[in-house]
Amino acid sequence: MSPADTPHVHDPLQPHAHDPNPEPPSPDPSFVFIGPNEEDARITVADLQRLPLTSIPNCYIVSTGHGTSGPFTFGGVTLLDFIQSQIPPTAQWSQVEVISADGFGNRVSIEELLEPDPAGPTLLSYMMDGQAMTRQQGLIRMIVPSEKDDALRQVKWVGKIVVK
Ligand SMILES: Nc1nc2c(c(=O)[nH]1)N[C@H]1C(S)=C(S)[C@@H](COP(=O)(O)O)O[C@H]1N2
Ligand SMILES: [Mo]
């Protein structure tokens, strides 16, 4: 089974109890991007705001611990648009690791990004219900609209994105 067939499997390198961390690990929402040739860059919210805005309505955060919240409309740049803005079109890659500064992570395959679920594309989100997302709410937060029975892929406080 490829990782694309098991979208709810959490990165085994980053085991996570189901209890979400409610507190941001730091005040600064910027993150580090590492491309397929190991080139790195620091990415700010303003950098994401310069890319096309995608909004996805009817998103839920389905916590098996403290219950479901939503629906929310998340806004941001698709993870695919973001990656394509950072790497040359000829670069070879197959997956991306999205890791928060509090040690929570998830892996996304290129297949998931190229053929998004009908629920919507995976997003690097900085807006919630038409307002700027707060750091407390997860800024910058990965939103995976296809995940309906858990929130293990809804990574808050993205700290590092590694394309491999
Ligand atoms: N960085 C980070 N993201 C995280 C978590 C976490 O602990 N740290 N917990 C996950 C889990 S298990 C849940 S249920 C949701 C909770 O999101 P909420 O705090 O917005 O309700 O965040 C997910 N994303
Ligand atoms: Mo959770």
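Numbers for residues simply follow the sequence, beginning at 1. The figures here come from the full heavy-atom set of this structure, side chains too, leaving out hydrogens, waters and symmetry mates. Computed from a prediction, not measured in an experiment: that's the story for all the values here. Every number for a ligand or one of its atoms is a count from 1 in the order of the listing.
At least one N or O atom of Lys156, backbone or side chain, sits closer than 3.5 Å to an N or O atom of ligand 1. Checking only distances, Gln154 does come within under 3.5 Å of ligand 1, N or O to N or O. Ligand 1 has an N or O atom lying under 3.5 Å from an N or O atom of His66, backbone or side chain.
Here the shortest heavy-atom pairing between Phe31 and Lys160 reads CB-N, 4.1 Å. The two residues Trp157 and Asn21 make their nearest non-hydrogen contact at CH2-O, 3.1 Å. Taking both residues in full, the closest heavy atoms of Thr64 and Asp149 are given as CG2-O, 4.0 Å, listed atom of the first, atom of the second, then distance.
The closest approach between any non-hydrogen atom of Arg153 and ligand 1 is not below 4.0 Å.
Short contacts between ligand 1 and Ile61, defined as distances under 4.0 Å to a heavy atom of the residue, involve ligand atoms 16 (C), 17 (O), 21 (O). Shown in contact with Leu152 at under 4.0 Å from a heavy atom are these atoms of ligand 1, numbered in order with element: 12 (S). The ligand atoms of ligand 1 that sit less than 4.0 angstrom from a heavy atom of Asn21 are 6 (C), 7 (O). Applying the 4.0 Å criterion to heavy atoms of Ser100 picks out, from ligand 1, the atoms 1 (N). Ligand-side atoms of ligand 1 in range of Ser63: 14 (S), range being under 4.0 angstrom from any heavy atom.
Heavy atoms of Glu23 found under 4.0 angstrom from ligand 1: none, in either backbone or side chain.
Between the CZ atom of Phe74 and the CE atom of Met128 there is a distance of 4.5 Å, given to the nearest 0.5 Å.
Chaining together hydrophobic side chains whose heavy atoms lie under 4.5 Å apart places Val162 alongside Val32, Ile34.
At distances below 3.5 Å, at least one donor-acceptor pair connects side-chain atoms of Arg135 with backbone N or O atoms of Ser26.
Every residue was checked against the salt bridge (charged side-chain N to carboxylate O under 4.0 Å, His left out) condition with Asp81, not counting sequence neighbours, and none meets it.
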